[in-house]
There are 2 protein chains.
Amino acid sequence: MISHKILKRFLLYRICLHKFQRLGFTKVFSYNLGEEAGVTAEQVRKDFSLLGIKGSKRGGYDIEYLLLEINNIFKQNGERYVIIVGMGNIGQALANYQGFRENKIITVAGFDLDPSKYTRKNIIPVHHPDKIDEIVREYGVKTAIIAVPEAAGQEVCDRLVASGIRAVLNFSPIILHVPEHVTVNYVNLRNELESLFYYT
Amino acid sequence: MISHKILKRFLLYRICLHKFQRLGFTKVFSYNLGEEAGVTAEQVRKDFSLLGIKGSKRGGYDIEYLLLEINNIFKQNGERYVIIVGMGNIGQALANYQGFRENKIITVAGFDLDPSKYTRKNIIPVHHPDKIDEIVREYGVKTAIIAVPEAAGQEVCDRLVASGIRAVLNFSPIILHVPEHVTVNYVNLRNELESLFYYT
DNA sequence: GATTTTTTGTGAAAAAAAGTACAAAAAATG
DNA sequence: CATTTTTTGTACTTTTTTTCACAAAAAATC
Ligand SMILES: NC(=O)c1ccc[n+]([C@@H]2O[C@H](COP(=O)([O-])OP(=O)(O)OC[C@H]3O[C@@H](n4cnc5c(N)ncnc54)[C@H](O)[C@@H]3O)[C@@H](O)[C@H]2O)c1
Ligand SMILES: NC(=O)c1ccc[n+]([C@@H]2O[C@H](COP(=O)([O-])OP(=O)(O)OC[C@H]3O[C@@H](n4cnc5c(N)ncnc54)[C@H](O)[C@@H]3O)[C@@H](O)[C@H]2O)c1
């Protein structure tokens with residue numbers, strides 16, 4: 001079991017590795033990657049060694065191989081389906097985002113109570129939340145994004161969990177109560193912004 | 001100096017405290033707050049004691065007082081101005097969000113290269129990035145949100161730093177290189193989503 | 001091909017974070 | 001008003017994370 005902290009660091013390394021690749025490099029040393037990612041070279045090496053990811057002594061690490069290994073952690077080889085509940089500002093921004101598809105994450109459908117969201121303007125089909133169960137089962141979706149108002153968050157979450165969802169990315173400013181086998185990742189944009197005021 | 005980890009926990013406590021307040025409570029015990037926030041009661045007490053935030057033995061903590069103290073950490077008493085650079089999907093979602101204003105965070109202006117964004121449809125004025133300097137100085141803005149494409153992120157950041165910005169919330173999937181005195185907080189939505197696939 | 005240089009990989013040490021345990025305060029009870 | 005109960009506040013312990021340090025591997029140089 002990899003800690004969430006280390007998981008996040010692998011995703012950070014991936015961003016840096018893509019940058020190096022764009023710049024034409026095929027190899028990196030731990031200190032290159034560390035400097036770019038803002039961590040020490042030892043940290044980089046230890047993280048990789050933890051997963052048995054090998055470099056070559058004096059030759060460094062092969063970027064393509066590292067990216068492959070990192071993507072494997074996040075199951076990029078298999079089906080990566082997602083649904084979005086709440087097609088307001090955030091839900092639509094995510095649905096429109098091309099970067100997910102590029103990265104083999106497929107947004108299967110959106111759900112919203114408001115029928116005005118069911119138009120063809122959205123690039124994904126949008127349904128009434130009553131259809132969550134059907135779609136989740138049909139595609140075997142395991143991951144959902146919650147982007148509904150605060151007041152609806154827990155209720156929507158319960159419905160998702162009942163449908164078989166096992167991982168949730170939650171944008172509502174509430175703490176969700178879920179069974180053991182469900183993982184919740186929180187994105188609280190207000191908190192992210194507000195934490196900055198401590199430093200100003 | 002409070003660590004970023006603890007800062008985030010205070011903001012988490014605040015979410016829970018607001019919930020308790022909505023439910024009509026005026027006091028909490030450390031174990032109430034801990035349970036709601038998903039941390040131990042000892043952690044809660046330790047965090048508060050770290051900042052000299054006092055409860056009363058047997059009486060617990062006064063919610064209003066806790067909220068006041070937490071808000072003080074984030075300077076809610078003073079001016080909290082923000083600008084947004086990049087008024088695309090994310091930039092507009094943030095600009096439209098009422099929750100910031102409710103929380104005394106004032107989004108002064110948005111900036112975008114694309115003149116079609118300068119319309120009155122947005123609830124904040126949107127200007128060409130050349131006006132960043134002027135607006136930042138006029139309002140004494142210290143905090144900025146970067147929501148431009150990857151390729152423009154570093155350039156925009158440099159411009160902001162040159163204008164006197166000291167804290168940045170960055171949505172671009174890149175690591176920003178900034179001077180010592182500037183704090184960057186990263187929101188990488190793809191990483192947040194993707195980290196979930198480890199658990200599915 | 002022996003020697004030097006560079007860089008990985010990983011135990012050991014240090015630092016940071018979280019959890020334990022309990023004395024002290026204060027409200028509630030008898 | 002003495003005793004019991006409850007809950008905070010914080011020293012102490014344990015666990016987790018990070019850094020240090022250096023042997024081993026491999027490329028480069030002599
Ligand atoms: N937009 C931001 O910048 C921002 C910033 C901070 C936090 N947030 C939080 O993110 C969440 C989403 O924000 P937003 O701006 O996209 O909100 P929004 O109001 O634009 O959209 C919410 C959508 O959810 C739908 N909805 C409501 N109840 C529902 C239900 N039970 N089932 C399905 N759909 C339902 C609404 O019809 C609406 O379309 C909110 O909880 C908000 O507090 C947003
Ligand atoms: N939308 C999402 O769900 C999502 C998900 C993951 C990551 N992101 C990242 O967030 C960032 C913003 O995403 P988005 O979907 O809002 O993008 P977007 O393309 O909708 O908007 C970007 C805006 O920035 C403007 N812009 C470009 N260069 C600029 C410059 N130099 N100065 C000022 N403005 C400039 C463009 O005109 C555009 O309006 C991107 O870096 C993207 O990779 C977005």
Side-chain angles (χ1 to χ4, degrees), chain A residues 1-13 16-17 20 25-70 73 175 183 186 191 195 198-199, chain B residues 1-13 16-17 20 25-70 73 175 183 186 191 195 198-199:
Chain A
M1 208 55 173
I2 308 173
S3 79
H4 193 72
K5 203 164 192 179
I6 297 179
L7 277 186
K8 285 298 209 54
R9 216 153 45 216
F10 277 116
L11 290 166
L12 181 67
Y13 296 153
C16 303
L17 291 170
F20 287 132
F25 295 103
T26 61
K27 302 254 176 187
V28 268
F29 300 132
S30 57
Y31 60 86
N32 301 136
L33 190 49
E35 180 165 30
E36 181 63 24
V39 305
T40 64
E42 296 80 7
Q43 183 82 84
V44 170
R45 295 205 296 277
K46 186 147 262 182
D47 285 342
F48 287 151
S49 115
L50 195 76
L51 295 208
I53 296 174
K54 297 278 180 206
S56 95
K57 292 197 171 157
R58 178 123 211 212
Y61 297 88
D62 184 76
I63 292 178
E64 204 150 345
Y65 162 70
L66 286 182
L67 284 171
L68 215 71
E69 288 288 339
I70 293 174
I73 302 172
I175 310 299
T183 305
Y186 294 91
N191 284 3
S195 67
Y198 175 71
Y199 301 101
Chain B
M1 210 52 172
I2 308 173
S3 79
H4 193 72
K5 203 165 193 180
I6 296 180
L7 277 186
K8 285 299 208 55
R9 217 156 42 218
F10 277 115
L11 290 166
L12 181 67
Y13 296 152
C16 303
L17 291 170
F20 287 132
F25 295 102
T26 61
K27 302 255 176 186
V28 268
F29 299 131
S30 57
Y31 59 86
N32 301 136
L33 191 49
E35 179 164 32
E36 182 63 25
V39 306
T40 64
E42 294 80 8
Q43 183 81 83
V44 170
R45 296 205 297 275
K46 187 158 260 179
D47 285 342
F48 287 150
S49 116
L50 195 75
L51 294 208
I53 296 174
K54 298 279 180 206
S56 94
K57 292 195 172 160
R58 178 122 210 209
Y61 297 88
D62 183 76
I63 292 178
E64 204 149 345
Y65 163 70
L66 287 181
L67 285 171
L68 215 70
E69 288 288 338
I70 292 173
I73 302 171
I175 310 299
T183 305
Y186 293 92
N191 283 5
S195 67
Y198 174 73
Y199 301 101

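Throughout, protein chains are lettered first and strands after them, A, B, ... in sequence-line order, and every chain is numbered starting at 1. Computed from a predicted model, the values in this text were never measured in an experiment.
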Starting at [atom1] of [X] and ending at [atom2] of [N], how long is that distance when rounded to a whole Å?
{"X": "K27(B)", "N": "dT6(D)", "atom1": "NZ", "atom2": "C1'", "result": "14 Å"}
{"X": "D62(B)", "N": "dT7(D)", "atom1": "CG", "atom2": "P", "result": "16 Å"}
{"X": "F29(B)", "N": "dA27(C)", "atom1": "CZ", "atom2": "P", "result": "11 Å"}
{"X": "Y61(A)", "N": "dA25(D)", "atom1": "OH", "atom2": "P", "result": "16 Å"}
{"X": "I6(B)", "N": "dA16(C)", "atom1": "CD1", "atom2": "C1'", "result": "10 Å"}
{"X": "K54(B)", "N": "dA24(C)", "atom1": "NZ", "atom2": "C1'", "result": "12 Å"}
{"X": "M1(B)", "N": "dA17(C)", "atom1": "CE", "atom2": "P", "result": "13 Å"}
{"X": "L7(A)", "N": "dT17(D)", "atom1": "CG", "atom2": "P", "result": "11 Å"}

**Asked** How are the rings of F20(B) and F25(B) set relative to one another: parallel (under 30°), tilted (30 to 60°) or perpendicular (over 60°)?
**Response** perpendicular
**Asked** So which of L11(B), T183(B), I2(B) actually passes side-chain contact (heavy atoms from CB on, under 4.5 Å) with Y198(A)?
**Response**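 Passing option: I2(B).
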**Item:** Pairwise 5' ranking along DNA chain D for K5(A) and G55(B), keeping only the more 5' one
**Value:**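 Its nearest nucleotide being more 5', the pick is G55(B).
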**Asked** Taking for each residue the nucleotide of DNA chain D with the nearest heavy atom, is it E42(A) or G59(A) whose nucleotide lies nearer the 5' end?
**Response**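 Mapping each residue to its closest nucleotide by heavy atoms, the 5'-most match is E42(A).
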Approximate separation, where rounding is to 0.5 Å, of [X] [atom1] and [Y] [atom2]:
{"X": "L17(B)", "Y": "L12(B)", "atom1": "CG", "atom2": "CG", "value": "9.5 Å"}
{"X": "C16(A)", "Y": "L66(A)", "atom1": "SG", "atom2": "CG", "value": "11.5 Å"}
{"X": "I53(B)", "Y": "Y65(B)", "atom1": "CD1", "atom2": "OH", "value": "6.0 Å"}

**Prompt:** The side chain of K57(A) lies closest to which of these nucleotides: dA24(C), dT18(D), dG9(C)?
**Reply:** dG9(C)
**Item:** Among dT18(D), dG9(D), dG9(C), the nucleotide that comes nearest once only the side chain of R45(A) is considered
**Value:** dG9(C)
Output yes when at least one side-chain N/O atom of [X] is less than 4.0 Å from OP1 or OP2 of [N], else no.
{"X": "S30(A)", "N": "dT8(C)", "result": "yes"}
{"X": "Y31(B)", "N": "dT7(D)", "result": "yes"}
{"X": "S56(A)", "N": "dT8(C)", "result": "no"}
{"X": "S49(B)", "N": "dT10(D)", "result": "yes"}

**Request:** May I ask you to verify whether the side chain of K46(A) and the base of dT19(D) hold a donor-acceptor pair under 3.5 Å?
**Result:** yes
**Request:** Classify the side chain of R58(B) and the base of dT5(D) as holding, or not holding, a donor-acceptor pair under 3.5 Å.
**Result:** yes
**Request:** Please work out if F48(A) contacts a base, only the sugar-phosphate, or nothing of the nucleic acid, heavy-atom cut-off 4.0 Å.
**Result:**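 Result for F48(A) = nothing.
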